[in-house]
Amino acid sequence: MKNSTSATKRGFSLVAVVIAALALVGCAPATPEPVTPTASDVWIKAVPELMDGMAMTGVFMTLENPSDEDIELVGATNTTEGLSETPLEIHEVVKGDDGEMKMQMVEGGIVIPAKGSVTLKPGGYHVMYWNLLKPIPVGSHVTLTLEFSNGTTRDVDAVARDISTYAG
Ligand SMILES: [Cu+2]
């Protein structure tokens with residue numbers, strides 16, 4: 001009986017210490033630093049010359065998420081001077097009701113599964129450039145910043161490839 005009473009007291013004092021610790025960090029449990037997904041094999045479909053209605057292209061890559069929770073690619077910003085003033089969009093290619101393939105924004109972003117990866121590739125997920133102001137020759141480089149659902153960002157460099165050389 002005496003033992004259980006002192007155990008209960010110890011329990012209460014432990015609770016008091018935990019509450020005091022929470023108060024010090026603003027009443028929120030400490031959260032680990034958010035993880036930034038990695039990007040590899042980043043490339044952009046080359047646009048050798050601007051033609052009417054064709055001033056657009058897509059960026060492709062493989063994103064890996066080493067963390068224990070899913071992370072979404074929710075946005076991207078062009079950082080290449082003079083390339084485009086139009087905000088980039090996160091797209092997917094889907095079959096429409098009419099059976100035609102079409103592009104659309106990805107609701108909620110592209111999921112990079114926990115401890116997994118996702119590949120953006122032609123005919124599937126891509127980062128969309130609209131209204132290009134200058135061509136993107138094969139072999140040239142484009143820079144952009146990826147934005148993730150956990151608030152992290154990653155700067156990437158995409159090399160321009162001819163779509164016909166894409167082997168995937
Ligand atoms: Cu698109």
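Read the numbers this way: they start at 1 and go in the same order the structure lists the ligands and their atoms. What you see is a predicted model; the values in this text were computed from it and never measured.
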Metal check, the Cu ion (ligand 1) vs M128 N/O/S, cut-off below 2.8 Å: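 Under 2.8 Å: M128 contacts the Cu ion (ligand 1) through an N, O or S atom.
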Residue H91 atom name (nearest to the Cu ion (ligand 1); N/O/S):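 H91's closest N, O or S atom to the Cu ion (ligand 1) is named ND1.
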Short side-chain donor-acceptor distance under 3.5 Å, S117 and E64: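 Note: E64 and S117 side chains miss the donor-acceptor criterion.
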Parallel, tilted or perpendicular: ring planes of H126 versus H91, cut at 30 and 60 degrees: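 Correct class here is perpendicular.
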Test item: N131 side-chain N/O and T86 main-chain N/O as donor-acceptor pair under 3.5 Å: no
Side chain S84, main chain W130, donor-acceptor under 3.5 Å: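 Present.
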Metal site angle (apex the Cu ion (ligand 1)), SD from M103 and NE2 from H126, 10 degrees: 100°
